[in-house]
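Indexing begins at 1, ligand by ligand and atom by atom, following the structure's order.
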Amino acid sequence: MISKAVLSRLKEIVGDKNVLTGQEDRIVYSYDGTPLLGNLPDATVFADSVEQVAEIVRLANEERFAIVPRGSGTGLSGGSIPVESSIVLVLNRWNRILEIDEDNLTVRVQPGVITAHIHQAVEKRGLFYPPDPGSMTICTIGGNIAENAGGLRGLKYGVTKDYVMGLQAVLPTGEVARFGEKNVKDVAGYNLKEMLVGSEGTLGIFTEALLKLIPKPQTYKTMLATFRRMEDAAQTVSDIIAAHIIPATLEFLDRTTINCVEDFAHIGLPRDIDALLLIEVDGHPAQVEDEAEAIFPICKKSNALEIKIARDEAEALELKTARRSAFAALARVRPTTILEDATVPRSKIAPMVRKIQEVAEKHQLTIGTFGHAGDGNLHPTALINERNKDELERAEKAFEEIFEFALQNGGTITGEHGVGLAKKRFLEQWIDKGARLMMQRLKDALDPNHVLNPGKVFDLSPKCEGHLPGTQKEALEATPA
Ligand SMILES: Cc1cc2nc3c(=O)[nH]c(=O)nc-3n(C[C@H](O)[C@H](O)[C@H](O)COP(=O)(O)OP(=O)(O)OC[C@H]3O[C@@H](n4cnc5c(N)ncnc54)[C@H](O)[C@@H]3O)c2cc1C
């Protein structure tokens with residue numbers, strides 16, 4: 001437990017009202033969007049300047065307590081869940097857009113800005129920040145950078161890392177560092193910015209970000225295609241891309257998810273189909289027209305039952321509701337929603353979805369699957385009651401089998417939600433030994449006292465004092481020179 005003296009020092013740094021230690025406050029910050037995981041922090045601290053953050057990190061090194069950075073707590077892998085003897089450092093009040101540079105096409109933001117607020121601010125000026133996680137109306141840009149968040153537009157436009165041009169971060173030992181700036185090309189030194197993006201709050205606390213913008217697409221067209229068979233939907237995805245069309249959005253819902261969405265949103269989706277694709281093309285009006293026209297026969301060729309094309313913005317929004325409300329629609333069915341992130345090469349989508357259905361049947365579970373079909377990034381979502389121990393164990397077994405299948409098919413355990421606490425054991429099981437060793441060495445070198453979100457992503461081995469623990473020595477020896 002953090003001492004009273006340390007709490008007093010924290011209050012001196014950020015002010016009394018920005019350090020919460022009451023039981024209710026600790027409970028509120030004991031969990032994030034990840035089910036089944038939680039832990040009480042010793043205190044919750046709100047900071048809104050780089051000086052405050054740096055001073056808190058230096059204090060943590062002196063007094064040896066852990067810091068868990070937190071944006072909005074929407075993470076789905078337990079990244080902002082408190083660890084032993086930790087404070088949660090909440091950054092979502094530090095939320096100003098500092099500059100939109102229309103000459104250089106950049107936006108400079110504080111770490112706690114809500115992602116959708118960036119979209120709104122730049123779109124008013126005819127500019128575009130593409131990453132659009134499903135949680136964009138609540139999550140922060142700091143959390144997006146820490147998780148390298150993806151979104152519905154990832155297929156055409158890429159993910160968060162593709163838009164981070166510059167970062168300011170407080171290092172785990174309390175120094176402040178800047179990485180990158182407005183130069184489109186910059187190869188001076190190691191590419192440390194890329195190392196920090198996706199580091200899940202373990203290698204630095206982001207205190208400012210410079211993001212790349214692009215011109216806003218002039219127009220878009222939204223379509224919804226329904227399929228009796230999963231394989232037909234998967235074939236459509238492959239055929240669209242083989243026709244050299246890269247839609248901005250190419251999203252998928254399975255039968256369970258379609259039925260839950262229909263129960264929730266009443267948008268007239270057919271209930272007896274296996275799959276639905278939400279497709280959106282954007283860009284120059286002529287190109288959009290051409291691509292939409294080309295997609296129509298591709299869907300038909302793969303036996304699409306119906307293809308709806310939105311005639312205006314209101315209809316487009318309605319079609320998008322099917323996908324945007326998938327998580328909420330599934331989450332209301334049972335008390336516990338375990339949303340996973342198994343990802344496979346695009347060509348393996350149909351076998352992956354079939355496997356998920358087989359596994360669900362075998363373990364007598366309801367698992368709805370939806371996700372970014374164009375990226376092969378699927379979200380199998382188990383609907384259970386965590387108080388039913390038997391059901392919980394079956395769900396855990398089911399996900400083990402799902403991940404195993406994904407990995408055997410060239411996939412990965414997470415496409416966008418990160419490892420955090422939730423996927424640690426899967427990472428340990430599958431990661432290349434040399435890569436695992438390098439992660440440990442990086443962490444030890446940059447965070448010698450293990451104060452920054454320790455125990456996230458991978459278990460820290462006992463502090464190495466000039467030597468490597470046995471298993472790591474073996475890993476090093478096994479690594480080719
Ligand atoms: C309904 C729903 C839909 C979602 N859809 C998507 C999706 O489409 N794509 C996707 O990728 N994710 C999605 N997510 C997951 C989640 O929203 C993202 O991971 C998001 O990036 C987390 O942002 P946050 O501000 O909530 O961060 P938090 O959950 O607070 O933190 C996430 C991680 O970032 C670290 N962190 C936070 N701020 C900082 C900072 N300033 N400096 C350093 N580290 C920091 C934390 O320590 C933690 O490890 C979804 C979640 C929900 C609940």
Side-chain angles (χ1 to χ4, degrees), residues 29 31-35 37 41 44 47-48 50 53 57 66-83 86-95 109-117 131-154 158-161 164 167-172 196-209 249 251 323-331 337 339-341 343 370-372 375 377-379 381 414-423 452-457:
Y29 290 94
Y31 59 90
D32 65 2
T34 322
L37 294 173
T44 300
D48 64 2
V50 65
V53 173
V57 175
I67 300 174
V68 178
R70 180 179 172 111
S72 293
T74 65
L76 292 171
S77 55
S80 57
I81 291 179
V83 297
S86 67
I87 64 160
V88 171
L89 184 62
V90 187
L91 300 154
N92 67 353
R93 293 183 183 171
W94 194 5
N95 58 6
V109 293
Q110 292 178 339
V113 179
I114 302 286
T115 312
H117 295 173
D132 61 339
S135 51
M136 64 188 186
T137 53
I138 9 170
C139 64
T140 65
I141 192 68
N144 291 175
I145 296 171
E147 297 290 356
N148 188 16
L152 274 66
R153 301 193 279 238
V159 296
T160 304
K161 76 173 164 54
V164 179
L167 272 181
Q168 184 194 59
V170 173
L171 305 183
L196 288 173
V197 177
S199 60
E200 303 195 27
T202 65
L203 297 180
I205 302 177
F206 310 131
T207 47
E208 194 180 287
T249 295
E251 295 285 310
R323 169 60 182 90
R324 289 264 177 215
S325 62
F327 179 72
L330 288 164
T337 312
L339 185 147
E340 276 301 352
D341 193 23
T343 300
F370 64 97
H372 317 297
D375 307 337
N377 183 194
L378 298 175
H379 296 313
T381 306
T414 170
E416 57 183 16
H417 295 163
V419 177
L421 289 174
K423 305 267 180 64
L452 208 52
N453 221 357
K456 301 293 172 66
V457 187

Check your understanding: Does a donor on one side chain and an acceptor on the other come within less than 3.5 Å for N144 and T160?
Key ->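 Looking only at side-chain atoms, T160 and N144 do not form any donor-acceptor pair under 3.5 Å.
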Review point. Can T202 and N453 be counted as having a side-chain donor-acceptor contact under 3.5 angstrom?
Key: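 No, because no side-chain N or O of T202 sits under 3.5 Å from a partner of the opposite role on N453.
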Review point. Stepwise, does the side-chain contact (heavy atoms from CB on, under 4.5 Å) test hold for R323 with L152?
Key: CA-CA 9 Å; R323 169 60 182 90; L152 274 66; 3.8 Å; yes
Practice item. Carefully, step by step, assess V164 and F206 under the rule side-chain contact (heavy atoms from CB on, under 4.5 Å). Key: CA-CA 12 Å; V164 179; F206 310 131; over 6 Å; no
Can you list the ligand 1 atoms lying under 4.0 Å from a non-hydrogen atom of [X]?
X: G79; value: 47 (O), 48 (C), 49 (O)
X: N144; value: 20 (C), 21 (O)
X: T140; value: 24 (P), 25 (O)
X: G143; value: 21 (O), 23 (O), 24 (P), 25 (O), 27 (O), 34 (O), 37 (C), 38 (N)
X: A149; value: 11 (O), 21 (O)
X: G142; value: 38 (N), 39 (C), 41 (N)
X: G71; value: 25 (O), 28 (P), 30 (O), 37 (C), 38 (N)
X: E200; value: 49 (O)

Closest approach of any protein heavy atom to [atom], naming residue and atom:
atom: atom 46 (C) of ligand 1; result: P69 O, 3.1 Å
atom: atom 19 (O) of ligand 1; result: E147 CG, 3.5 Å
atom: atom 36 (N) of ligand 1; result: A146 CB, 3.7 Å
atom: atom 1 (C) of ligand 1; result: F327 CD2, 3.3 Å
atom: atom 53 (C) of ligand 1; result: T74 O, 3.7 Å
atom: atom 3 (C) of ligand 1; result: S135 N, 3.5 Å
atom: atom 6 (C) of ligand 1; result: G134 N, 3.5 Å
atom: atom 28 (P) of ligand 1; result: G73 N, 3.5 Å

Looking at [Y], is its backbone amide N or carbonyl O close enough to the side chain of [X] to form a donor-acceptor pair, meaning the two atoms are under 3.5 Å apart?
X: S325; Y: A329; value: no
X: D48; Y: R93; value: no
X: T140; Y: G143; value: yes
X: S80; Y: D32; value: no
X: T343; Y: D341; value: yes

Point to revise | Whether L91 lies under 4.0 Å from ligand 1, heavy atom | key: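 The answer is yes: ligand 1 sits under 4.0 Å from a heavy atom of L91.
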Practice item. State if G204 counts as touching ligand 1 under the rule of any non-hydrogen atom under 4.0 Å. Key: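 Heavy atoms of G204 do come under 4.0 Å of ligand 1.
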Answer with side chain, backbone, both or neither: which part of [X] has a heavy atom less than 4.0 angstrom from an atom of ligand 1?
X: P111; result: side chain
X: N453; result: side chain
X: H417; result: side chain
X: F206; result: both
X: E416; result: both

Exercise for review: Return the orientation label for the H417 and H379 ring planes: parallel under 30°, perpendicular over 60°, tilted otherwise.
Suggested key: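 H417 and H379: parallel rings.
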Check your understanding: Taking it one step at a time, do H372 and E251 satisfy side-chain contact (heavy atoms from CB on, under 4.5 Å)?
Key -> CA-CA 5 Å; H372 317 297; E251 295 285 310; 2.6 Å; yes
Practice item. For ligand 1, find out whether one of its N or O atoms is nearer than 3.5 Å to an N or O atom of R70. Key: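 Between R70 and ligand 1 (N or O atoms, distance only) the closest approach is not under 3.5 Å.
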Point to revise | Backbone or side-chain N or O of G75 under 3.5 Å from ligand 1 N or O | key: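 By distance alone, the answer is yes.
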Review point. Could you walk me through whether I81 and V68 pass the side-chain contact (heavy atoms from CB on, under 4.5 Å) check?
Key: CA-CA 7 Å; I81 291 179; V68 178; over 6 Å; no
Check your understanding: Do the charged groups of E200 and K456 touch, with an N to O distance under 4.0 Å?
Key ->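 Judged by the 4.0 Å cut-off on N to carboxylate O distance, E200 and K456 do not form a salt bridge.
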**Study point:** Electrostatic pair R153-D132, nearest N-O below 4.0 angstrom
**Key:**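 Yes, charged N to carboxylate O under 4.0 Å.
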Check your understanding: How many angstroms lie between OG in S86 and CD1 in I67, if you round to the nearest 0.5 Å?
Key ->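 Answer rounded to 0.5 Å: 9.5 Å.
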